[in-house]
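In what follows, a structure is listed as structure tokens, so that the remarks can point back to it.
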Amino acid sequence: MLILGIETSCDETAAAVIENGRTIRSNIISSQVLVHAEYGGVVPEVASRQHLATVVKVVRQALRDAETSAGQLDGIAATCGPGLVGPLLVGLEMGKSLAYAIGKPVVGVNHLRGHLAAVYLDHPQNPPPPPFPHIALLVSGGHTSLFRVEGQASTTLLGATRDDAAGEAFDKVAKLLGLGYPGGVVIDRLAADGDPHALRFPRALPGREDLDFSFSGLKTAVATWLASQGRPPEDELADFCASFQAAVVDVLVRKARRALAREGLRDLVVCGGVAANRGLRQALAAAANEDRFTLYVPTSKLCTDNAAMIALAGTWAIQRGERGTLDLSVDPGLPLA
Ligand code: KG4
Ligand code: ZN
């Protein structure tokens with residue numbers, strides 16, 4: 001079964017072909033990051049235009065890399081939300097048009113469902129795929145949530161951020177430090193050489209016993225620190241980044257452990273762009289060792305936005321018999337049903 005996935009929910013134009021719900025035949029990602037960097041964040045209208053200019057090329061390249069053609073596909077999956085409305089429309093309309101032309105099914109995929117599926121894609125370093133049910137920590141630029149995942153299409157939300165997402169906190173702090181956009185990966189790189197105990201930033205554990213998150217207080221603490229002390233000199237930047245990163249990672253790890261304990265489960269999936277963070281990966285691996293649970297993390301390229309994860313979630317939907325119609329539309333605030 002060959003499924004083409006299309007992902008355009010934010011600022012990556014991506015297309016991928018996967019085979020039999022596991023093997024990645026191609027995975028093309030065209031990033032708009034340089035276009036938006038000039039503005040310090042994603043400009044939705046610019047993103048839409050950029051997707052429009054790129055999507056056909058990206059889909060063609062995905063088919064070429066997979067050594068296949070549109071006619072050989074068994075179906076098409078495109079992200080239909082949540083995300084930016086204009087960008088989502090470009091990808092979904094592309095998917096619907098192509099599906100109509102080749103007479104094959106099309107399905108709309110929830111972007112979060114894609115992130116949760118990414119760990120099931122084949123890659124050599126991973127242990128066997130996680131069993132159901134398991135706990136998933138989804139940490140991205142738009143979401144920070146803990147789920148109990150019962151099956152391919154069945155999830156219960158256990159907790160979520162009450163304000164900023166973890167990735168958003170990384171990006172905002174990077175911006176305050178003048179590290180450019182998106183800054184998560186820059187903080188990660190600098191933090192690797194820094195001392196996480198150099199500065200003590202607040203760990204917000206709202207409600208303590210619950211599984212919600214809050215990162216706006218941490219962002220304010222960083223902003224206040226910078227306003228009073230000024231930007232740290234170059235040789236102290238690594239310590240600053242490591243200390244900030246540790247504050248985010250601590251809370252994520254603590255809540256993930258609590259979720260596993262509360263639900264009586266022993267398998268933890270971490271996904272979304274922030275799952276690429278090396279500090280988070282290391283801290284979770286240490287926790288897994290201590291608490292004796294199994295940790296599953298997709299490769300970095302499958303943590304950040306990509307279309308292979310959309311193709312996989314789409315494969316599952318098509319296998320369940322889901323079929324989109326041509327009036328299928330996008331929903332920028334699409335919940336994970
Ligand atoms: O999943 P994703 O690609 O897009 C959304 O669905 O939001 O996540 C993007 C977010 C951005 O905030 C980015 O700064 C963050 O993930 N990110 C990282 C790292 N790589 C990406 N944050 C920390 N460390 C990283 N290595
Ligand atoms: Zn995402």
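All values below come from the heavy atoms of this structure, side chains included, with hydrogens, waters and symmetry mates left out. Counting begins at 1 with the first residue of the sequence.
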- Message: Other members of the hydrophobic cluster containing Val58, with the 4.5 Å side-chain heavy-atom rule, please.
- Response: Ile28
- Answer yes or no: are there more than 12 heavy-atom neighbours, outside Arg49 itself, under 6.0 Å from its atom CZ? no
- Item | Arg231 atom CZ: more than 12 heavy-atom contacts under 6.0 Å | yes
- Item | Pair listing, salt bridge (charged side-chain N to carboxylate O under 4.0 Å, His left out) test, anchored in residues 181-199, at least two apart | Asp188-Arg278
Only pairs under 3.5 Å count here: list side-chain donor-acceptor contacts from residues 267-275, not counting sequence neighbours, and write none if there are none.
from	atom 1	to	atom 2	distance (Å)
Asp267	OD1	Tyr296	OH	2.9

- Query: Can we say Asp210 and Lys255 salt-bridge, meaning some charged N sits less than 4.0 Å from an Asp/Glu carboxylate O?
  - Reply: yes
- His51: ring-ring contact (aromatic ring centres under 6.0 Å, His included) partners, not counting sequence neighbours: none
- Message: Test of understanding: with side-chain hydrogen bond (donor to acceptor under 3.5 Å, both in side chains), list the residues that count as partners of Arg320, not counting sequence neighbours.
- Response: Glu322
- Is the closest side-chain heavy-atom distance between Leu73 and Ile3 below 4.5 Å? no
- Residues clustered with Ile29, ILVMFWY side-chain links under 4.5 angstrom: none
- Task: State which residues pass side-chain hydrogen bond (donor to acceptor under 3.5 Å, both in side chains) with Thr325; sequence neighbours excluded, sorted by chain then number.
- Result: Asp327
- Message: Strictly below 4.0 Å, N to O, side chains only: are Lys172 and Asp164 in salt-bridge contact?
- Response: yes
Just list the side-chain donor-acceptor pairs under 3.5 Å for residues 309-316, sequence neighbours left out, or say none.
from	atom 1	to	atom 2	distance (Å)
Thr315	OG1	Ala311	O	2.7

- Task: May I have all residue pairs that pass ring pair (Phe, Tyr, Trp, His ring centres under 6.0 Å) and include part of residues 76-101, sequence neighbours excluded?
- Result: none
- Is the closest side-chain heavy-atom distance between Leu177 and Pro232 below 4.5 Å? yes
- Message: Any heavy-atom pair between the side chains of Thr155 and Arg113 that's under 4.5 Å?
- Response: yes
- Message: My understanding is that only residues two or more places apart in sequence, or in another chain, count here; which of them pass ring-ring contact (aromatic ring centres under 6.0 Å, His included) with Phe132?
- Response: Tyr120, His134
- Task: Answer yes or no: is there an ion pair linking Glu263 with Arg266, defined by an N-O contact shorter than 4.0 Å?
- Result: no
- Sequence neighbours excluded - ring pair (Phe, Tyr, Trp, His ring centres under 6.0 Å) pairs with any residue from residues 160-195: Phe170-Phe244
For residues 78-99, dump all side-chain donor-acceptor pairs below 3.5 Å to protein atoms at least two apart in sequence or in another chain.
from	atom 1	to	atom 2	distance (Å)
Thr79	OG1	Ile6	O	3.4
Thr79	OG1	Glu7	OE1	2.7
Glu93	OE2	Lys96	NZ	3.1
Lys96	NZ	Leu326	O	2.9
Lys96	NZ	Leu328	O	2.6
Ser97	OG	Glu93	O	2.5

- Message: Over 60° means perpendicular and under 30° means parallel, so tell me whether Phe213 and Phe215 are parallel, tilted or perpendicular.
- Response: parallel
- Can any side-chain N or O of Asp239 pair as donor or acceptor with the backbone N or O of Gly194 at less than 3.5 Å? no
- Is any side-chain heavy atom of Glu290 less than 4.5 Å from a side-chain heavy atom of Arg257? yes
